[in-house]
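Here the structure is a predicted model, which means the values were calculated and not measured. Keep in mind that the numbers below use all heavy atoms, side chains included, and drop hydrogens, waters and symmetry copies. Every chain is numbered from 1 and lettered A, B, ... according to where its sequence line falls, protein lines coming before strand lines.
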Protein chains: 2
Amino acid sequence: MSHQSMSDLIEQYLKSILNETEEEIIEIRRSEMADLFSCVPSQINYVINTRFTLAQGYTVESKRGGGGYIRIQRVELNSHDEVLSYLRKSIGDQLTYKDGVAVLQQLYNYDIISKREAELLVSIISYEAIGKQNPSEDNVRAAIIRALLDRLRYEEKR
Amino acid sequence: MSHQSMSDLIEQYLKSILNETEEEIIEIRRSEMADLFSCVPSQINYVINTRFTLAQGYTVESKRGGGGYIRIQRVELNSHDEVLSYLRKSIGDQLTYKDGVAVLQQLYNYDIISKREAELLVSIISYEAIGKQNPSEDNVRAAIIRALLDRLRYEEKR
DNA sequence: TGCTTCTTGACTATATTTGACCTTACTTAG
DNA sequence: CTAAGTAAGGTCAAATATAGTCAAGAAGCA
C-alpha cells in the first residue's frame with residue numbers, strides 16, 4: 001500500500017470520484033487528467049485498460065475530437081442472477097489468474113460469496129494449485145469458474 | 001550468535017520490522033533491501049524462499065515492474081491444524097472424485113468449512129468442471145484439494 | 001571429506017512510463 | 001458546402017523499473 005506507482009494513484013483517484021457520484025458514472029478529459037498527474041495522456045489509457053475492464057465491472061466509452069471525453073461507468077447489475085449470468089458470459093474457454101481473481105472479486109462485491117469463500121477460491125485457481133504441472137492452466141481455471149458460477153446460479157434458484 | 005550469515009541478518013531484520021507493525025504485514029522493495037545489506041537482489045528471494053514460507057507461517061505476495069514490491073504477512077495457524085495436516089498428508093498426486101468428496105465431507109464434519117462451501121467445492125472438483133477436457137483429471141483435483149488444505153491451515157484464525 | 005546452505009550473477013518475466021504517430025470530430029474561412 | 005485547421009482521444013512499441021529463476025561456485029559444518 002505504501003509503494004504506489006503513478007498508475008495506482010490515477011486508479012484510486014478515478015475510483016474515488018466514481019464513488020462520490022450517485023450514478024456511478026464519471027466523465028473525464030484525458031488531457032486534464034494527464035495534466036493533473038503530470039503524466040503523458042496515454043498513461044490514462046493504460047490505467048483504463050488495466051484497471052477498468054469489463055471483467056472488473058466497468059464500461060468505458062469515449063469520444064474523440066472537439067468536446068471529446070472518456071466516460072467510465074460501473075456496471076450496475078441488479079440481481080444476483082444478473083451478476084452471475086453477466087460473469088458467465090464474460091468468460092470463455094480460457095481464463096488467466098488475474099481475470100479469475102477479478103471474477104471472484106465481483107462475486108464478493110455483490111455479496112454472492114463471502115470473503116472467506118473468495119479467499120479459498122483464489123488459492124484454488126492460483127498457479128501453484130493448477131498451473132504447476134498443467135499446460136492448459138487457463139482452460140482448467142475457466143472450467144472451475146464456470147462450474148462455480150453454474151452452481152451459484154443453481155443455488156439462487158432454489 | 002557469532003556466526004551469522006547475511007541471510008540470517010536479513011531474516012532477523014525482516015522479522016523485527018514485522019513485529020513492530022500492528023497488522024503483522026510489511027511491504028519492502030527488493031532492491032532497497034539489497035542495497036541496505038549490500039547484497040545481490042536475488043539473495044532477498046533466497047531469504048524469503050527459505051525463511052518465510054507458508055509452512056513457517058508467512059504469506060508473500062509481490063508485484064514486478066514500476067512500483068513493484070514484496071509484501072510479507074504473518075498468518076496464524078488455524079486451530080484445526082491437526083485434522084488439516086492429517087488430510088494433507090493423506091492425499092498424494094492424484095485424487096478421484098469420490099475421495100475428493102470424502103475429504104470435503106471430513107472438513108465439513110470437523111466444522112472447518114460450511115455446508116455451502118463444501119457444496120461449492122464439490123461442484124468444482126466434479127468431472128464436469130475439471131475432467132471434461134482434461135486427461136489428468138485426478139492430478140488437477142489433487143492439486144486443488146492440496147491448495148485448499150494449505151490455505152485453510154494458514155488462514156487467519158477465526 | 002562430503003553434504004548442506006549461502007552467495008552471486010546471468011538470464012527471464014512482468015508492470016509501468018513515455019513518446020511518436022494515427023484516427024476521429026468539431027470549427028471556421030472561403 | 002467544403003476543405004483546411006484544430007482539438008480531442010487511441011495505438012503501439014521502446015525504454016525503464018521492478019521482481020523471479022536457476023545453476024555454478026564458495027563457505028560452513030558434521
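Contacts of Gly65(A) with the nucleic acid, taken as non-hydrogen atoms under 4.0 Å apart, include base atoms.
Leu104(B) pairs with exactly one of Ile124(B), Asp99(B), Leu121(B) by the side-chain contact (heavy atoms from CB on, under 4.5 Å) rule, that one being Leu121(B). When each of Ile48(B), Asn49(B), Val47(B) is checked for a side-chain contact (heavy atoms from CB on, under 4.5 Å) with Asn45(B), only Asn49(B) meets the rule.
Whole-Å rounding puts the Ile28(B) CD1 to dT18(D) P distance at 14 Å. Rounding to whole angstrom units, CD of residue Gln43(A) and C1' of dA20(C) are separated by 16 Å. Leu9(A) places its CG atom 14 Å from the C1' atom of dT17(C), with the value rounded to the nearest Å. Atom CD1 of Ile70(A) is separated from atom P of dT11(D) by 10 Å (rounded to the nearest Å). To the nearest angstrom, C1' of dT17(C) lies 16 Å from CD of Glu11(A). Atom-to-atom, CG of Asn49(A) to P of dT16(C) comes out at 12 Å; the value is rounded to the nearest Å. Rounded to whole Å, atom P of dT18(C) lies 14 Å from atom CZ of Phe37(A). When the C1' atom of dT16(C) is taken as reference, atom OH of Tyr69(B) falls 13 Å away, rounded to whole Å.
Here CD of Glu155(A) is found 9.5 Å from CG of Leu84(A). Values are rounded to the nearest 0.5 Å. A distance of 12.5 Å separates CD1 of Ile28(B) from OH of Tyr69(B), quoted to the nearest 0.5 Å.
Closest approach of Ile10(A) and Cys39(A) over heavy atoms only: CD1-SG, 4.1 Å. Considering every non-hydrogen atom in both Ser7(A) and Gln43(A), the closest pair reads OG-NE2, 2.9 Å.
The side chain of Arg51(B) contributes no N or O atom lying less than 4.0 Å from OP1 or OP2 of dT5(C). Put simply, Ser42(B) has no side-chain N or O that comes within less than 4.0 Å of OP1 or OP2 on dC22(D). Applying the 4.0 Å criterion to OP1 and OP2 of dT18(D), one finds that Arg29(B) has a side-chain N or O inside that range. Distances shorter than 4.0 Å separate some side-chain N or O of Ser31(A) from OP1 or OP2 on dG9(D). For Lys63(B), no side-chain nitrogen or oxygen approaches OP1 or OP2 of dG20(D) to under 4.0 Å.
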Practice task
Take Gln56(A) and Thr53(A) through the test side-chain contact (heavy atoms from CB on, under 4.5 Å) and record every step on the way to the result.
Solution key: CA-CA 5 Å; Gln56(A) 292 168 109; Thr53(A) 65; 2.7 Å; yes
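Closest to the side chain of Arg64(B), out of dT12(C), dG9(C), dT18(C), is dT12(C). Between dT7(C), dT18(C), dG10(D), one nucleotide has an atom nearer to the side chain of Ser62(A) than all others, and that is dG10(D). Among dT21(D), dC6(C), dT7(C), the nucleotide with an atom closest to any side-chain atom of Asn45(B) is dT21(D).
For the pair Gly67(B) and Ser7(B), nearest-nucleotide mapping onto DNA chain C gives the more 5' position to Ser7(B). Toward the 5' end of DNA chain C, the nearer of the two residues Thr50(A) and Gly66(A), judged by each one's closest nucleotide, is Thr50(A).
Looking only at atom types and distance, the side chain of Glu61(B) has no donor-acceptor partner in the side chain of Gln73(B) under 3.5 Å away.
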Completion exercise
Contact string for nucleotides 23-30 of chain D, one letter per nucleotide 5' to 3', B = base within protein heavy-atom range under 4.0 Å, S = sugar-phosphate only, - = neither, reads --------
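Interface remark: the Arg30(B) side chain does form a donor-acceptor pair with the dA19(D) base, using a distance-only criterion of under 3.5 Å.
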